Amino acid sequence: MSIVEKIKSNEKLKAFVLWTIMAKGAAQCRWWVVLFVHPFIHKRGKGTIIRRSTRLDVIPWRKFEIGSHTVIEDFACVNNQVGDVFIGNNCTIGIGNIVIGPVRIGNNVILAQHVCLSGLNHGYQDIHVPIRDQKCSVATITLEDDCWIGANCVVVSGVSIGKHSIVAAGSVVTKDVPPYTIVGGNPAKILKQYNPATETWETVVKK
């Protein structure tokens, strides 16, 4: 039996190891994990900038990887505690963004200010148990290359947004977005799509 398997099989030992990594009720790991573990586990590409006031609620046993020349702006929060987070090359994660895994972001993606990507949902079905104590469900959010997500948008768990698509400011995206599409509203609906035959962005006629 491996060391990891031994720890997982012993509840008291597991609780002790978790306590050494992060304090009970805390979202961030202890200072020694941040300084001496994260740099060797979580991958960061060349030229990538994570601003000083960015909050990284990341744990060492899940993946957190960033490509090259990406910027995570001030007051953003990245959390991989319920799912892996992958961010590609040449991306901008804007001021005040919330990125909760599982999330996979492609290359050249722009997230404007105060965007929320949350790959988890809290359970609520049992009315006799507080929602905070019920099991969470997770589903990966995927943003393909070249997407632009406008300010104050929310993308819910399990949603995929196709290549070179745009989400208008203030939208709530609850369904998959095809490539080369502009969506907006709450819930977000298709507004325009690129027509390769005419090489123009055409308004979608509502039925």
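Owing to the predicted nature of the structure, the values given are computational and were not obtained by experimental measurement.
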Give me the atom names and distance for the closest heavy-atom approach of [X] to [Y].
X: Arg30; Y: Ala23; answer: NH2-CA, 3.5 Å
X: Ala112; Y: Gly150; answer: CB-C, 3.7 Å
X: Cys153; Y: Ala168; answer: SG-O, 3.0 Å
X: Lys175; Y: Val173; answer: O-CG1, 3.4 Å
X: Asn89; Y: Thr70; answer: C-OG1, 3.6 Å
X: Gly158; Y: Asp176; answer: O-OD1, 3.7 Å

* To do: Take Trp61 and Ile21, measure what side chain to side chain contact (heavy atoms under 4.5 Å, CB included) needs, and give me the verdict at the end.
  => CA-CA 11 Å; Trp61 56 89; Ile21 294 172; 3.6 Å; yes

* Asked: Under 30°, 30 to 60°, or over 60°: which ring-plane class applies to Tyr194 and Tyr180, parallel, tilted or perpendicular?
  ->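 Tilted.
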
Any side-chain heavy-atom pair from [X] and [Y] closer than 4.5 angstrom?
X: Thr92; Y: Ile72; result: no
X: Asp145; Y: Asn108; result: no
X: Asn90; Y: Asn107; result: no
X: Lys43; Y: Ile66; result: no
X: Val183; Y: Ser171; result: no
X: Trp148; Y: Val167; result: no
X: Thr174; Y: Val172; result: yes
X: Ser157; Y: Leu120; result: no

Verify, without hydrogens or angle tests, whether [X] (side chain) and [Y] (backbone) share a donor-acceptor contact under 3.5 angstrom.
X: Thr203; Y: Lys192; value: no
X: Thr54; Y: Glu73; value: yes
X: His38; Y: Cys29; value: no
X: Asn97; Y: Gly94; value: yes
X: Gln134; Y: Asp126; value: yes
X: Ser68; Y: Gly45; value: no
X: Trp32; Y: Thr20; value: yes
X: Thr181; Y: Pro178; value: yes
X: Arg62; Y: Gln81; value: yes

Do [X] and [Y] land in one hydrophobic cluster if side-chain heavy atoms of ILVMFWY residues count as linked below 4.5 Å?
X: Val103; Y: Val177; value: yes
X: Ile127; Y: Ile131; value: no
X: Ile161; Y: Ile98; value: no
X: Ile41; Y: Ile59; value: yes
X: Leu13; Y: Met22; value: yes

For [X], look at atom [atom1] and say whether over 12 heavy atoms of other residues, nucleotides or ligands are found less than 6.0 Å away.
X: Trp19; atom1: CH2; value: no
X: Gln125; atom1: CD; value: yes
X: Leu35; atom1: CG; value: yes

Separation of [Y] [atom2] from [X] [atom1] (nearest 0.5 Å):
X: Ile105; Y: Leu111; atom1: CD1; atom2: CG; value: 5.0 Å
X: Lys163; Y: Asp146; atom1: NZ; atom2: CG; value: 5.5 Å
X: His69; Y: Lys46; atom1: NE2; atom2: NZ; value: 6.0 Å
X: Ile141; Y: Ser118; atom1: CD1; atom2: OG; value: 6.0 Å

* Do you see a donor-acceptor pair shorter than 3.5 Å between the side chains of Ser137 and Asn121? ->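 No, no side-chain donor-acceptor contact under 3.5 Å.
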
* **Polar side chain donor-acceptor pair, Thr140 to Thr142, under 3.5 angstrom** =>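 No, no side-chain donor-acceptor contact under 3.5 Å.
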
* **Candidates Val99, Leu56, Asn79 - the one meeting side chain to side chain contact (heavy atoms under 4.5 Å, CB included) with Val85** =>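 Testing Val85 for a side chain to side chain contact (heavy atoms under 4.5 Å, CB included) against Val99, Leu56, Asn79 leaves exactly one candidate, Val99.
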
* Asked: Checking side chain to side chain contact (heavy atoms under 4.5 Å, CB included) for the pair Arg104/Leu143: CA distance, chi angles, key distance, verdict?
  -> CA-CA 6 Å; Arg104 183 175 292 270; Leu143 306 185; over 6 Å; no

* Take Val71 and Arg51 through the test side chain to side chain contact (heavy atoms under 4.5 Å, CB included) and record every step on the way to the result. => CA-CA 8 Å; Val71 177; Arg51 302 295 186 193; 4.2 Å; yes

* Checking side chain to side chain contact (heavy atoms under 4.5 Å, CB included) for the pair Ile100/Asn80: CA distance, chi angles, key distance, verdict? -> CA-CA 6 Å; Ile100 301 173; Asn80 75 339; over 6 Å; no

* Start with the C-alpha distance between Asp74 and Ser53, add both sets of side-chain angles, then the distance that settles side-chain hydrogen bond (donor to acceptor under 3.5 Å, both in side chains), and finish with yes or no. => CA-CA 5 Å; Asp74 290 315; Ser53 61; 2.7 Å; yes

* Asked: How is the hydrophobic cluster of Phe75 composed, in terms of its other members, when Ile, Leu, Val, Met, Phe, Trp and Tyr link through side-chain heavy atoms under 4.5 Å apart, directly or indirectly?
  ->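 Ile95, listed by chain and number.
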
